*Asks:* 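Dumping the structure here so I can ask a few things about it.
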Amino acid sequence: GTVGAPSGTVNYTTFLEDLKAGRVKEVVVRAGDTRIQGVLEDGSAFTTYAASPPDNATLEGWMARGVSVRVEPPQGQNALGFLWPLLLVGLLIGALYYFSRNGRAGPSDSAFSFTKSRARVLTEAPKVTFKDVAGAEEAKEELKEIVEFLKNPSRFHEMGARIPKGVLLVGPPGVGKTHLARAVAGEARVPFITASGSDFVEMFVGVGAARVRDLFETAKRHAPCIVFIDEIDAVGRKRGSGVGGGNDEREQTLNQLLVEMDGFEKDTAIVVMAATNRPDILDPALLRPGRFDRQIAIDAPDVKGREQILRIHARGKPLAEDVDLALLAKRTPGFVGADLENLLNEAALLAAREGRRKITMKDLEEAADRVMMGPAKKSLVLSPRDRRITAYHEAGHALAAHFLEHADGVHKVTIVPRGRALGFMMPRREDMLHWSRKRLLDQIAVALAGRAAEEIVFDDVTTGAENDFRQATELARRMITEWGMHPEFGPVAYAVREDTYLGGYDVRQYSEETAKRIDEAVRRLIEEQYQRVKALLLEKREVLERVAETLLERETLTAEEFQRVVEGLPLEAPEEAREEREPPRVVPKVKPGGALGGA
Ligand SMILES: Nc1ncnc2c1ncn2[C@@H]1O[C@H](COP(=O)(O)OP(=O)(O)OP(=O)(O)O)[C@@H](O)[C@H]1O
Ligand SMILES: [Zn+2]
């Protein structure tokens with residue numbers, strides 16, 4: 001590869017031609033992402049976008065052509081990790097299927113070192129401004145001061161005002177940390193110099209430190225400016241915490257960074273912004289006054305924020321009349337900016353592929369499913385038995401979601417496999433802030449309902465409920481240890497959650513003996529809910545059969561279709577049902593009680 005070769009964006013077709021002609025040397029893809037980056041034999045770098053994330057067979061095909069393929073872990077992994085337990089009740093995971101696929105592909109064997117370009121300098125101020133950043137109002141407010149400073153540093157210096165040198169943006173992946181930092185530079189009309197923490201992670205002692213020095217030399221030449229370091233945790237990890245003790249190279253790099261931050265003269269107008277989703281693993285020295293002493297948290301957007309983000313990214317995209325972005329925002333809890341941008345892009349591709357001129361609501365809904373779960377695997381042929389099990393499992397989730405008073409109702413239930421799931425039931429959930437005890441219990445019951453249905457109908461159970469159990473158990477445990485919702489344990493915080501944005505991990509605050517009691521109580525709580533939901537399904541056995549059989553016939557049921565099947569009404573023929581779909585009727589549900597936060 002070449003160092004810092006400009007990475008031009010090419011058409012996917014061009015890429016395929018290059019591929020056929022043997023001109024492609026290396027590619028890097030991110031699992032679940034449509035972006036493909038690579039290097040041609042002549043050393044030039046390129047970027048292209050596939051219509052859907054390349055699957056293993058495709059990657060194997062490329063490898064067979066002598067291309068060296070590297071697959072990086074999915075970007076949205078964390079965002080999804082936190083979304084799963086909250087949004088998707090009822091993944092039936094084909095564990096065996098999944099593992100066998102992954103075991104076979106193994107593209108990571110052929111990893112190669114993709115030469116990282118060093119700091120990228122945008123000498124022109126970026127065009128992005130605060131109005132391109134939706135939501136994040138508090139963050140923008142806090143950053144205004146920095147914008148003012150960069151616009152007119154001497155005024156601040158004359159006043160002897162102390163301006164933060166370093167600002168740490170903290171938040172889960174894809175919430176727009178980079179986007180926001182770029183907007184600060186855009187607002188202030190100053191150059192934006194970016195680097196990623198991983199650019200500095202090198203094998204050879206001294207290289208990383210030299211790059212840090214380089215970065216700040218560049219910055220000084222362009223001041224006033226913003227230096228942005230993405231993934232600062234890659235260099236900023238606590239010292240001495242490396243595997244097997246110290247890592248000289250990394251420590252030297254970190255030390256160099258500290259030296260540089262201390263070293264600006266008082267009147268240098270450089271603001272260093274950095275982003276991380278793991279503030280907890282940063283070396284405390286980085287957070288000291290005069291370094292990254294200002295932290296700004298950016299959270300996943302709420303429904304309003306999601307709608308605004310959708311509006312921003314829908315600009316310039318032709319939307320059909322039936323498109324309701326507010327409704328789409330409601331249906332995408334847990335989605336971050338990057339997911340929403342991706343969603344609109346996927347929808348545009350879907351419409352374009354079918355030769356339509358406008359993006360419809362159906363495109364958007366399909367795109368949302370794709371972003372969440374990966375593209376539908378239409379070609380995956382399940383055995384009749386697997387299909388039946390999946391249908392009953394998902395029907396179980398759906399019935400529980402429908403009949404339990406405090407559950408969320410059904411938005412959609414399907415046995416079309418997607419991503420790792422063989423089917424799923426998507427609840428009609430609109431917000432995730434208010435969780436009452438009753439709602440949580442129903443939620444646990446809904447999660448367990450898939451397995452309960454399997455047990456009732458097949459008198460046997462499968463491995464497909466792994467994720468359901470993880471979800472149910474986590475909720476049960478948190479009800480007891482964090483939310484004070486178990487009579488035996490009272491309103492005591494047994495566990496304090498560390499704010500890692502990675503699902504958090506618990507710092508235990510209780511004795512061994514309490515730990516045992518908690519485990520026992522979790523087990524009892526889950527067992528109770530399992531029995532409760534199993535009794536419900538037994539009572540509604542007829543409806544269960546009806547829903548499962550209809551699923552086997554139609555594969556997917558929308559909210560209204562599900563409602564009709566439950567009531568025993570006939571469905572329209574599949575085609576018409578699709579064409580003239582009425583807006584879904586919102587079945588009013590009991591509004592959940594007091595704000596519990598952190599749910
Ligand atoms: N609040 C927002 N308003 C508008 N667009 C957004 C917003 N948040 C994210 N996006 C879009 O999502 C894309 C990804 O965001 P960005 O790369 O800034 O996220 P990030 O938090 O830096 O993620 P990572 O930690 O993975 O680098 C951006 O290109 C931007 O267009
Ligand atoms: Zn399930």
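The analysis underlying the following values was restricted to heavy atoms, covering all of them including side chains, and did not include hydrogens, waters or symmetry mates. We count ligands from 1, going down the list as the structure has it; atoms in each ligand are counted the same way. Values in this document were obtained by computation on a predicted structure and should not be read as measured data.
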*Asks:* To which of G305, G176, S196 does the heavy atom nearest atom 15 (O) of ligand 1 belong?
*Replies:*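 Nearest heavy atom to atom 15 (O) of ligand 1 lies in G176.
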
*Asks:* So, 4.0 Å and heavy atoms of H313: is ligand 1 close enough to count as a contact?
*Replies:* yes

*Asks:* Report the residue from L143, I229, L168 that forms a side-chain contact (heavy atoms from CB on, under 4.5 Å) with M273.
*Replies:* L143

*Asks:* I'd like to know if R439 pairs up with D408 as an ion pair, taking the criterion as any Lys NZ or Arg NE/NH1/NH2 lying under 4.0 Å from an Asp or Glu carboxylate oxygen.
*Replies:* yes

*Asks:* Identify, by atom number and element, the atoms of ligand 1 in contact range of V133, meaning under 4.0 Å from any of its heavy atoms.
*Replies:*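 Numbered from 1, ligand 1 contributes 1 (N), 3 (N).
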
*Asks:* Any Lys/Arg nitrogen of R477 or E474 sitting under 4.0 Å from an Asp/Glu carboxylate oxygen of the other?
*Replies:* no

*Asks:* I need the atoms of ligand 1 closer than 4.0 Å to a non-hydrogen atom of A134, numbered in the order shown.
*Replies:* 1 (N), 2 (C), 3 (N), 4 (C)

*Asks:* Can you find a non-hydrogen atom of D132 under 4.0 Å from ligand 1?
*Replies:*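 Within the 4.0 Å threshold, so yes.
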
*Asks:* For residues Y12 and Y49, establish whether the separation of their ring centroids is below 6.0 Å.
*Replies:*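 Ring centroids of Y12 and Y49 are no less than 6.0 Å from each other.
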
*Asks:* Can you find an N/O atom of I309 closer than 3.5 Å to an N/O atom of ligand 1?
*Replies:*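 No: no nitrogen or oxygen of I309 is under 3.5 Å from one in ligand 1.
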
*Asks:* For residues H393 and D468, is any side-chain donor paired with an opposing acceptor at under 3.5 Å?
*Replies:* yes

*Asks:* Classify the contact between E341 and ligand 1 as side chain, backbone, both or neither, using a heavy-atom distance cut-off of under 4.0 Å.
*Replies:*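 It is the side chain that gets close, since no backbone atom is under 4.0 Å.
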
*Asks:* For ligand 1, is there an atom lying under 4.0 Å from some heavy atom of G174?
*Replies:*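 Yes, G174 has a heavy atom closer than 4.0 Å to ligand 1.
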
*Asks:* Can you give the angle H393 NE2 - the Zn ion (ligand 2) - D468 OD2, rounded to 10°?
*Replies:* 100°

*Asks:* If we only count heavy atoms from C-beta on, is the V533 to F403 side-chain gap below 4.5 Å?
*Replies:* no

*Asks:* Short list, please: which atoms of ligand 1 are under 4.0 Å from a heavy atom of G337?
*Replies:*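 Those of ligand 1 that fall under 4.0 Å from G337 are 8 (N), 9 (C), 10 (N), 11 (C), 12 (O).
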
